[in-house]
Amino acid sequence: MNAFQIQLNGRAVSAEIAPTTLLVDFIRNEQQLTGTHVGCDTAQCGACTVLVDGAPLKSCSVLALQVQGRAVTTIENLAASETELHPVQQAFIECHGLQCGFCTPGMVMATVGLLAHNPHPADAEIAAALDGNLCRCTGYVNIIAAVHRAAELLAERSRFTPSPGARG
């Protein structure tokens with residue numbers, strides 16, 4: 001067993017884990033955060049995507065110990081509250097970017113990572129960022145529309161959110 005510490009959804013988490021524990025298994029089984037899905041166990045589908053230090057990572061393809069001391073964010077930590085969705089979540093609903101919902105957490109997390117670094121991506125950039133996140137229901141047209149809508153919602157939100165240090 002190894003000592004393990006991360007920031008998980010903004011809180012410090014410490015545990016003793018086996019050196020072979022996958023990050024997805026730690027998140028789902030040890031922390032009971034089941035929004036991160038396991039679809040393939042081979043990093044092919046993207047349903048297990050989380051953010052590590054703000055960047056999308058397929059959590060079934062990395063040992064938990066490899067993210068020692070880093071910040072991990074799961075789908076459970078995106079919404080501001082139970083009644084206020086994150087703009088990316090809202091956009092996926094508005095644009096019908098989800099059907100069965102199995103791929104949705106991974107798609108949403110990959111989109112959050114994309115828009116954090118590229119707030120106005122072109123279709124080709126969206127396709128590249130979501131490459132490896134598989135959806136068997138939507139055909140991707142609505143998912144791409146949802147990413148564009150999320151970019152709009154985030155831009156609107158930033159227009160109405162004063163920057164730190166701004167005077168009103």
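The structure displayed is predicted, hence computed values, not measured ones.
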If you look at every heavy atom in [X] and [Y], which pair is closest and at what distance?
X	Y	result
Ala91	Ala150	CB-N, 3.4 Å
Gly46	Lys58	CA-CE, 4.0 Å
Arg149	Cys95	CB-SG, 3.6 Å
Gly10	Asn77	N-ND2, 4.4 Å
Thr34	Glu76	N-OE2, 3.3 Å
Thr36	Ser59	CG2-OG, 3.7 Å

* **Results of ring-ring contact (aromatic ring centres under 6.0 Å, His included) for Phe26 - residues two or more places apart only** =>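 In terms of ring-ring contact (aromatic ring centres under 6.0 Å, His included), with neighbours along the sequence ignored, Phe26 is linked to Phe4.
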[X] side, atom [atom1]; [Y] side, atom [atom2] - distance, nearest 0.5 Å:
X	Y	atom1	atom2	result
Met109	Thr73	CE	OG1	5.5 Å
Thr21	Leu63	OG1	CG	8.0 Å
Arg70	Leu8	CZ	CG	14.0 Å
Leu65	Ile17	CG	CD1	4.0 Å
Ile27	Glu30	CD1	CD	11.5 Å
Gln66	Leu22	CD	CG	9.0 Å

* **Pair listing, ring-ring contact (aromatic ring centres under 6.0 Å, His included) test, anchored in residues 93-117, at least two apart** =>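 Every pair satisfying ring-ring contact (aromatic ring centres under 6.0 Å, His included) with a residue in residues 93-117: His37-Phe102.
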* Asn9 (side chain) donor-acceptor with Thr74 (main chain) under 3.5 angstrom ->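 Yes.
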* **By side chain to side chain contact (heavy atoms under 4.5 Å, CB included) - contacts of Gln5 (at least two apart)** =>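 For Gln5 the side chain to side chain contact (heavy atoms under 4.5 Å, CB included) partners, ignoring immediate neighbours, are Ser14, Gln68.
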